[in-house]
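As the structure is a computational prediction, the values presented were derived from the model and not from experiment. Both backbone and side-chain heavy atoms feed into the values below; hydrogens, waters and symmetry mates do not. So that the names make sense, note that chain A is the first sequence line, chain B the second, and so on, each numbered from 1.
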Amino acid sequence: MKSLGKIYQPQKEEKKIYRLWEKSGYFNPDNLPKTKKGYFSIIMPPPNANDPLHIGHAVFVSLEDLITRYQRLKGKRALWLPGTDHAGFETQIVFEKKLEKEGKSRFDFTREEFYQLVYQYTKKNQKTVYQQLKKLGASCDFSRKKFTLDKDIIKIVLNTFEKLYQDGLIYRGERIVNYCPKHQTAFSDLEVKYEEEKGTLFYIQYPLKDGGAVEVATTRPETIFGDMALAINPNDKRYQKLIGKIAIEPLTKREIPIIEDKRVEQDFGTGVLKITPAHDPTDFEIAQDHRLLPRRVIDFQGRLNELAGSLKGLKVLEAREKTIEILKQNNLLIKTEEITHRVGHCYKCHSTIEPMIMSQWFISVNKPFGKEKKSLRDRAIEAVKTKKIKIIPKNFEKNFYHWMKNLKDWNISRQIWWGIPIPVYYCQEQKTEKCQKEKGIIVSQKKLKECPYCHSQNIVKDPDVLDTWFSSGQWPFATLMTAKKGDFEKFYPTDVMETGWDILFFWVARMIMLGIYCTGKIPFKTVYLHGLVRDKDRQKMSKSKGNVIDPLGVIENYGADALRMALIMGTGLGSDIILSEEKIKGFRNFANKVWNASRFVLMNIDDLKKKPNLTKSDQKILKDFQRVIKKVEKHLDNFRFNLAAETVYRYFWFTFADKIIEEMKIRIRENKNKESAQYLLYLILKNSLIILHPFMPFITESVWQSLPEIKGEKREKMILIEKWPTSL
RNA sequence: GCGCGUAUAGCUCAGUUGGUUAGAGCGUCCGUUUUACAUGCGGAAGGUCGUUGGUUCGAGUCCAACUACGCGCACCA
């Protein structure tokens, strides 16, 4: 008690307290006292192992630790399983930037060497991440921590690949993919950011073989070299007589057919669409239906190839200008028009995405399979529709359905070096029927020297790696199957998946699809989505804007408890989290209030040796408090964390500190029913600490350690494993 | 085009099933330092809860329309 100074100093207390918890071993649910029954589990969304934690991570730590601690208090054997993600593409970019600063690139190393370097780098970062989690007060079980590149995790991921392949749900195909010429890799549809942009629509004349001409509008004249047809809408009366005729592609004078297809919009441009199957998704689809072959004219560096003749080697934009010049000289450019259209950009470097034909691995999300004859997509939708999985806030369920409805096959190949290699070889000779039937594809997790079917040694390893979300999509069951024996049976399906709404599609949807596919069960019962952290001006926090709040700096200055409260209170369900230093200061003050109220109580009850009877009016005060506890409990059970926090906050400060303590102060001083007053203070303080503990774990534990012994009063040695108060 | 969301005090935001004088933090003004806390305490100013209409005994809360802003998805060449 004497040790409690006038001002709460989190820096002094937090380290000490965390060590106390760690020594107890209670973060591991297996070590909890026998009084804790029933299992509760939450898997941590693995932070990328390429950077220290930022404020966004502090949000999930605050919320998930809050949930875990609450469940522990409520008597559950609560498991919060931590881990880190290798974050394929993201990490490779971060690491390559680092190399760039040293004047190097990944091409200065062999692929093996590069992989090892990044591996070491992520290992180092993981240490930092785990230290930071501790600073935030995370009560996760570090003895179960996992990494997406742990051998046992990789094995599960590759098994899933194999299973999907055998079930015909994964296929290799030549498709139009989203290709970033700078990063030289393809992406899934989700990694493309579409933005409104001003562009020019060029009206170009295509001569007809039989004489005459037709006008075509395009924003990408440089792809004329890849034109394989012109298309018009079958209902377009203007062009009926052109169907079946031959047009002359105006640059290299190739003869191309005029076809009809209802995907052509009559109202756009001239109503005539040039079909460039190799470089446009719609054109690709139309070409497939009309059996037109793609003609690739742009290479993987984003430059025109030899099919463009003199324009070979020019970048797309340069080629566009040149093309227009040539067309002008030949009087084939009729007019230009300014338009705004949506253009896809690489979410990382903002380069214009080049739709390209590439051989890639896709997951068939819409193909029915199994006894139920339902697709991955439909099974996921059903899990949410039937409320097996609940999404909070509820309106995200609609977003989820909307997105799932539009879902197309998922490209999981990435042309990068950092990640889990696709476990496939290609037999180049295909000497046996079996080889040919498989189109030379050999799925194998082991290193192969020859084709297992025809024994040809002319085999090639697939050079690509898997999309990171393919592995993290298996995270809930992969972790529980490997962290500790028996965990999967006890803890799966997990209770809560808590993460940011920005990765609902990237991650959550994929976990649902892959979880159900691999285990036959949903991966989690409730999805809780939190908002993005923004600054006072509603700006997204980013390094480049210079408005980032470093969680560790905040902890250093104001304490982890203050930061956690600031992230939870005043934040409505589903809305973004507005954070400012002033707000954090406010909760630092609250921590100090808790400290001093506790100090006062401890100083004034040290002569209370045994439990007295309470006066009637004191019993009433206790009853009011009981109602507050119930309210907090209800809010927590409903995932209304901000309301729960506000309820505790207001009761502690405005009722307990401002009113009850002030009244009792006088009674103790004037010796009026003094013992009842003292005992009341003790009871309210003790139980306030418990209900406050999930929000502010450090200070509550710290005070708990100083509570005096009172005859007839029992309590746990650590508030961490106390029981949530039910009746007072 | 389809879908979702937001609009409450000077600023940033809470306000679950509609119900007594609409809340917090920061800021402003006045007072306050001998006794838990000035990271405090007491008090004050400040809101026609975006607009209009509707349901209701009663609406910040439900419904409709409108206005403004934001976001997601989609094959506009």
Side-chain angles (χ1 to χ4, degrees), chain A residues 4-9 176 189-190 193-194 199 201-202 216-221 223 230-231 263-265 267-276 279-286 339-344 355 393-408 501-502 504-505 531-532 534-538 558-559 562 565-566 569-604 631 634-635 638-640 642-643 645-647 649-650 653-654 657-658 661-662 665 669:
Chain A
L4 302 193
K6 262 184 124 171
I7 299 284
Y8 175 56
Q9 288 178 290
I176 283 270
D189 295 339
L190 272 175
K193 291 291 271 180
Y194 286 90
L201 188 59
F202 301 95
V216 177
T218 179
T219 54
R220 303 205 56 187
T223 63
L230 296 182
R263 276 163 285 210
V264 181
E265 302 256 351
D267 302 334
F268 190 91
T270 61
V272 184
L273 173 65
K274 70 186 205 56
I275 302 296
T276 319
H279 300 290
D280 183 276
T282 312
D283 294 6
F284 178 80
E285 278 180 27
I286 294 177
I339 57 157
T340 20
H341 57 156
R342 290 171 63 80
V343 180
K394 222 181 158 207
N395 55 290
F396 278 105
E397 275 183 16
K398 282 186 192 165
N399 278 356
F400 176 79
Y401 296 136
H402 190 254
W403 186 74
M404 290 301 271
K405 215 176 81 187
N406 291 316
L407 194 57
K408 289 195 293 185
W501 57 254
D502 52 326
L504 174 61
F505 307 139
L532 263 48
R534 295 176 187 273
D535 71 6
K536 258 184 103 172
D537 306 318
R538 294 206 125 268
Y558 303 108
M565 270 304 255
M569 205 169 126
T571 299
L573 196 53
S575 60
D576 288 342
I577 298 158
I578 310 294
L579 192 65
S580 61
E581 188 153 349
E582 290 74 40
K583 191 172 172 187
I584 298 163
K585 247 186 216 168
F587 290 105
R588 185 269 318 260
N589 295 354
F590 177 59
N592 195 51
K593 177 53 95 174
V594 172
W595 186 255
N596 275 292
S598 306
R599 216 156 63 89
F600 176 84
V601 173
L602 297 186
M603 282 194 290
N604 284 279
K631 200 169 153 189
K634 196 184 85 188
H635 285 318
N638 292 334
F639 294 86
R640 303 301 304 258
N642 59 323
L643 297 183
E646 205 179 312
T647 308
Y649 176 91
R650 294 175 67 162
W653 199 322
F654 306 135
D658 288 352
I661 287 185
E662 289 305 318
K665 188 190 277 180
R669 197 177 297 152

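Stem analysis of RNA chain B (at least three stacked-register Watson-Crick or G-U pairs, each with both distances under 3.5 Å) gives B:1-7 with B:67-73, B:10-13 with B:23-26, B:28-32 with B:40-44, B:50-54 with B:62-66.
Nearest nucleotide to the side chain of A/K398, out of B/rC4, B/rU16, B/rC41: B/rC4. Side chain of A/N589, nearest nucleotide from B/rA77, B/rG40, B/rC37: B/rG40. Picking from B/rC2, B/rG23, B/rC26 the nucleotide with the shortest atom distance to the side chain of A/E582 gives B/rC26. Minimum atom distance to the side chain of A/E662 is reached by B/rC37, of the listed B/rC37, B/rG25, B/rA74. You'll find that the side chain of A/I661 is closest to B/rA36, out of B/rA77, B/rA36, B/rC37.
Taking atom CH2 on A/W403 and atom C1' on B/rG72, their separation rounds to 12 Å, with Å as the unit. Taking atom CZ on A/F587 and atom P on B/rA14, their separation rounds to 13 Å, with Å as the unit.
Here A/F396 lies out of heavy-atom contact (under 4.0 Å) with every strand. A/D658 comes within contact range of the sugar-phosphate backbone alone, with a heavy-atom separation under 4.0 Å but no base atom that close.
A ring-centre distance under 6.0 Å is found for A/Y649 and A/F587.
Take the nearest nucleotide of RNA chain B for A/F654 and for A/N642: the residue whose nucleotide is more 5' is A/N642.
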